Amino acid sequence: MADEIKKDTAAKVKVTIDGITTEVAPGTSIIEAARQIGGAVAPPAMCYYKSLEGSGGRCRTCLVEVTQGSAANPRPIPKLVASCRTSVEEGMVVKNITSERVLDARDGVVEFLLINHPLDCPICDQAGECDLQDLSYSHGNEGTRYKFVRRTFILEDIGPYIKLHMTRCILCYRCIHVADQITEKRIHGVMDRGDRAFISTYISRAIDNDFSGNMIDVCPVGALTDRTFRFKNRVWFTKPVYVHRDCENPKCCGKATAWMRGDEIFRVTTRDNEWGEVQIIDGEPAWICNTCRFEKKQVSDWVIEGPATVRKISVVNVNKYRNTIKPKETLMDVMGGLKPNLLMNIRSVSEVNDPDIKLSELNRPAIARDFDIANDIDNKIPENPGNAEKYNSELLKSSTKEN
Amino acid sequence: MSVKLLLEKAHVEGIKSYEVYRREGGYRAAEKAFKLTPAEITEEVKKSGLRGRGGAGFPTGLKWSFLAKPEGVPRYLVCNADESEPGTFKDRYLMEFIPHILIEGMIISSFALGSNRSYIYIRGEYAWVADILETAIGEARANGWLGKNIQNSGFDCEMYVHRGAGAYICGEETALLESLEGKRGNPRIKPPFPAVKGLYGCPTVVNNVETLAAVVPIINITGEEYAKIGVGRSTGTKLISACGNIKKPGIYEIDMTISVEEFIYSDEYCGGIANGKRLKACIPGGSSVPILPANLLLKTAKGETRYMNYESLSDGGFATGSMMGSGGFIVLDEDQCVVKHTYTLSRFYWHESCGQCSPCREGTGWLEKIMRNMENGKGTMSDIDLLWDVQRRIEGNTICPLGDAAAWPVAAAIRHFRDEFEWHVLNPEKCLTENYGLAHYADPIQVTT
Amino acid sequence: MKVEFTAEQLKEIDKVIERYPEGRQKSALLHVLHMAQDSFGGWLSVPVMDYVASLLKLEPVEVYEVASFYSMYHIKPVGKYVFEVCHTGPCMINGCDNIINYIKQKLNIDVGETTEDGLFTLKTVECLGACGYAPMMQLGDHYKEHLTPQRVDEIIETCRKEAAMAS
Ligand SMILES: Cc1cc2nc3c(=O)[nH]c(=O)nc-3n(C[C@H](O)[C@H](O)[C@H](O)COP(=O)(O)O)c2cc1C
Ligand code: SF4
Ligand code: SF4
Ligand code: FES
Ligand code: FES
């Protein structure tokens with residue numbers, strides 16, 4: 001016993017990621033080691049999900065370069081490796097955002113994930129908390145090189161609770177793992193193969209077995225959304241609060257996040273950590289049962305604990321920008337120890353944004369005209385100033401059509 | 001003259017049956033093997049220098065020695081008879097005509113590896129070949145080569161045929177194991193490797209049909225003698241399945257000292273290009289390996305003769321060389337369109353991708369679409385660069401090598417035949433009815449004679 | 001059609017299950033699906049797949065997933081004779097396009113279609129491992145190699161005769 005403990009503490013392995021060295025338990029994956037360092041050093045993950053066994057390895061967004069395999073065998077690994085499925089070794093040296101190869105490959109992966117994605121964010125309930133949106137902002141390119149018709153799938157009805165929108169699916173297999181590991185049995189799966197592969201029950205069965213709602217939370221995109229919340233609100237207009245209740249279901253932890261607007265609960269989800277994954281509470285992933293998620297929408301159903309912690313990158317943070325005060329922490333703290341190479345106020349050099357117009361102070365969404373003035377200063381305000389608004393409102397109309 | 005180790009008896013009447021095979025000296029290697037220890041057999045295979053015949057060319061003895069041997073856990077030997085790489089049809093020949101050489105090789109290998117239950121995973125379409133194997137296994141069991149306490153060695157072994165159901169990806173060893181477990185053929189994410197966690201989570205060795213058959217002559221003539229055949233690290237004999245525009249398509253057993261030129265033009269092998277045409281290009285090792293224009297096929301970039309072996313075929317790397325791969329030798333004459341041929345391959349990989357990882361799932365579909373446009377006169381110059389970029393970002397970034405296999409043919413076609421792609425763009429009408437022809441890839445031999 | 005294997009077939013299934021270690025009966029799935037497809041109308045309908053699932057004690061979705069993955073399983077009805085003509089590179093070099101066009105004309109169907117009498121379905125498939133004997137196609141459990149229009153005629157004729165005899 002004593003021996004084991006000694007071994008445990010002694011057995012930490014040292015790994016260096018993007019120049020930052022840390023010590024982790026043996027067997028830790030590179031991505032988990034990177035997450036311990038935090039900030040941009042942590043590779044983005046679209047399919048890996050810590051609490052789901054067997055997840056990861058598929059999306060390839062978390063690829064990193066291993067420039068030194070280990071202290072004992074310092075040779076580099078020739079291919080980029082999936083950081084979510086590769087364990088660290090003593091003395092391993094990893095490059096994530098400091099590797100050109102990684103950034104290029106990731107750029108490619110984002111492009112691959114997007115070529116057939118419907119890009120219907122304006123009408124997608126996931127917008128604002130979508131990992132693919134975040135990934136596209138951080139690693140994507142403007143425009144597309146794909147000039148073919150995007151793949152579509154026939155909408156399948158999988159019951160009153162969950163909406164399956166296959167065209168948005170990135171085949172991360174997380175929902176499959178949830179069904180296998182957390183629900184009583186799996187009634188949906190991956191059909192067909194290649195780029196024809198799709199998530200389905202094959203016979204349009206309702207997925208309503210208990211705990212199946214957790215599939216919605218693990219889905220990184222808007223392929224699985226909460227039907228009881230569908231089109232009711234935008235996530236960034238709601239306020240997440242931690243709540244709990246005495247759930248009769250012994251497997252349900254009863255601790256959840258309620259997304260509220262005023263006194264109304266619009267939806268209930270699991271509590272997420274800073275990586276967008278379910279929190280570990282009392283040593284267990286805090287999954288919630290379907291009753292808590294779908295049936296308990298009254299404030300009286302819950303005990304409110306207080307505001308939820310929101311991920312730094314979440315758009316829900318936008319609400320909080322009002323009346324904010326200057327943070328006390330330095331940039332290095334915010335960036336998890338990384339020193340920025342270059343810091344500048346982009347608004348002062350931006351070619352599109354007129355520094356005289358404070359976008360944040362407009363009482364309406366910014367429209368093309370706000371940028372045009374800046375772009376073409378002596379070349380007038382558009383002939384017909386109404387046009388831009390008209391265009392914008394039409395765009396809005398066409399994209400909010402029920403699909 | 002050339003040595004024949006596997007096909008020596010292929011033409012003996014009735015060799016398919018146990019009696020004839022045995023009469024012709026079959027199962028003598030097995031007899032010999034059961035007098036050796038498993039370690040000694042592995043040592044012979046190591047000495048022979050035998051390299052995997054499934055495509056990757058990994059040293060077989062070394063692979064065997066990696067097999068984990070935890071106490072009380074079964075180990076498995078699985079024969080990869082999925083044979084689906086376009087241009088490859090050698091394993092089928094071996095199984096169809098001399099099934100017992102595979103069974104014998106597998107019995108010896110099972111003994112060496114300690115596998116009491118060995119499986120032959122055969123592609124589903126080879127239904128009648130599966131029947132032939134079942135019959136042969138039955139005969140072997142009836143004659144005491146399978147079952148309990150084989151040849152009084154105390155070793156028990158059963159052998160079963162498992163038919164696939166149509167999926168190239170099940171040739172990838174971990175997809176094969178998934179399929180053997182009755183699941184979708186999704187390759188596993190490695191590590192762990194099959195040598196540690198394979199079939200049913202137990203240590204497993206997966207070997208190609210030809211690899212396992214080659215164990216028979218190795219035991220018969222000893223590893224040392226086997227290693228003397230061939231050249232360098234290309235020891236022994238290799239089956240080549242030749243197809244395309246040649247006079248005599250078929251299976252040839254070569255020792256790896258002959259030149260590519262001899263292989264194509266001599267009457268002993270392909271017999272030259274069919275219909276008096278000239279050689280334009282060739283894919284020497286199955287559809288996944290780079291295509292080479294005639295000039296680079298027959299001579300290396302340094303101007304040296306290119307030989308039919310692992311080292312020589314890959315001389316020059318991917319820039320000017322190719323690979324031995326699975327031995328699927330596809331010959332294209334002057335009338336063939338490289339763009340169209342490459343398009344069919346892109347379509348193949350798109351069709352066969354399992355769809356697990358994003359670069360392969362999406363990338364193969366994208367390549368297929370651009371290639372289709374290109375072939376149909378709807379491509380643009382920038383499409384050629386786009387093809388290059390897409391294949392570049394698939395390669396090396398996927399779970400299994402199918403991604404690479406999809407990328408390489410496109411890369412090689414553009415590398416060596418870019419002018420043909422450009423011609424398609426510039427002649428959108430003409431390219432539908434005519435072909436670019438031979439141009440500078442001139443077949444050096446036939447032009448001068 | 002009654003979806004039930006004969007007693008003999010059930011015995012065969014038991015034997016197939018025995019090939020695999022205890023508790024690994026799922027390994028028999030591919031084999032049983034082949035049998036089911038051959039026995040119940042040439043394709044795998046939902047009731048057929050559910051029946052297979054019950055035999056092997058699997059969740060139905062496990063069977064759907066597998067059946068839809070492999071190209072030899074038809075999850076839509078097909079004709080009595082399915083012509084699966086290879087159209088990958090090596091076969092293309094040897095003129096499979098002509099054969100495909102010939103069959104289209106002869107049977108008056110397009111690729112993926114079935115003749116009105118329900119006898120023939122034409123499909124294009126990827127490399128079947130017979131590249132040296134191209135052009136070729138798979139018909140049931142066998143390969144038809146070195147195809148020419150005449151050979152195709154003969155094959156169609158034989159199928160028609162066989163079908164007429166059976167009915
Ligand atoms: C997509 C793909 C398809 C493959 N197909 C086959 C095949 O049909 N037959 C085969 O023997 N090996 C095939 N392989 C190689 C196997 O993964 C494995 O390397 C081989 O069976 C090992 O046997 P060997 O060492 O005897 O060559 C394939 C590999 C990949 C990536
Ligand atoms: S539906 Fe969502 S969770 Fe399921 S595979 Fe698709 S993207 Fe992943
Ligand atoms: S590379 Fe292709 S075939 Fe291999 S695992 Fe990825 S998607 Fe499947
Ligand atoms: S997160 Fe690692 S591959 Fe998807
Ligand atoms: S290409 Fe048609 S059988 Fe191989």
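Computed from a prediction, not measured in an experiment: that's the story for all the values here. Naming: A, B, ... by sequence-line order, numbering from 1 per chain.
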Q: Can you tell which part of B:Ile283 gets under 4.5 Å to a heavy atom of chain C, answering side chain, backbone, both or neither?
A: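 For B:Ile283, there is no contact with chain C at all, as no heavy atom is under 4.5 Å.
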
Q: Mind ranking B:Glu85, B:His351, B:Lys248, B:Glu83 by heavy-atom pairs under 4.5 Å with chain C and telling me who comes out on top?
A: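 Among B:Glu85, B:His351, B:Lys248, B:Glu83, the one with the most close pairs to chain C is B:His351.
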
Q: For chain B, find its close neighbours in residues 65-79 of chain C: heavy-atom separation under 4.5 Å, sorted by number, or none.
A: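 Counting heavy atoms that sit under 4.5 Å from chain B, the residues of residues 65-79 of chain C involved are C:Glu65, C:Val66, C:Ser68, C:Phe69, C:Tyr70, C:Ser71, C:Met72, C:Tyr73.
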
Q: Under 4.5 Å heavy-atom distance to chain C, tell me which part of B:His341 shows up: side chain, backbone, both or neither.
A: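 B:His341 touches chain C through backbone and side-chain heavy atoms alike.
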
Q: Is there a side-chain contact between B:Leu199 and C:Arg24, using heavy atoms and a 4.5 Å cut-off?
A: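 No, side chains not in contact.
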
Q: Which answer fits C:Asn94, side chain, backbone, both or neither, if we ask what part of it has an atom under 4.5 Å from a heavy atom of chain B?
A: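 Contact with chain B is through the side chain of C:Asn94 alone.
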
Q: With a 4.5 Å cut-off on side-chain heavy atoms, are C:Arg19 and B:Glu158 touching?
A: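 In short, these two side chains do not touch, never coming nearer than 4.5 Å.
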
Q: Do B:Tyr160 and C:Tyr20 have ring centroids that are under 6.0 Å from one another?
A: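 No, too far apart.
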
Q: In terms of heavy-atom proximity below 4.5 Å to chain B, should C:Ala130 be classed as side chain, backbone, both, or neither?
A: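 Contact with chain B involves both backbone and side-chain atoms of C:Ala130.
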
Q: What option among C:Leu58, C:Leu30, C:Leu29 has the most heavy-atom pairs under 4.5 Å with chain B?
A: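 When all of C:Leu58, C:Leu30, C:Leu29 are compared, C:Leu30 has the most.
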
Q: So which of C:His34, C:Gln25, C:Gln138, C:Glu62 has the largest heavy-atom pair count under 4.5 angstrom toward chain B?
A: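 Among C:His34, C:Gln25, C:Gln138, C:Glu62, the one with the most close pairs to chain B is C:His34.
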
Q: Which bit of C:Gln37 comes within less than 4.5 Å of chain B, counting heavy atoms only: side chain, backbone, both or neither?
A: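 C:Gln37 has no heavy atom closer than 4.5 Å to chain B.
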
Q: Output the option from B:Gly164, B:Ala167, B:Cys170, B:Pro86 having the highest count of non-hydrogen pairs under 4.5 Å with chain C.
A: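 Ranked by heavy-atom pairs under 4.5 Å with chain C, first place is B:Pro86.
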
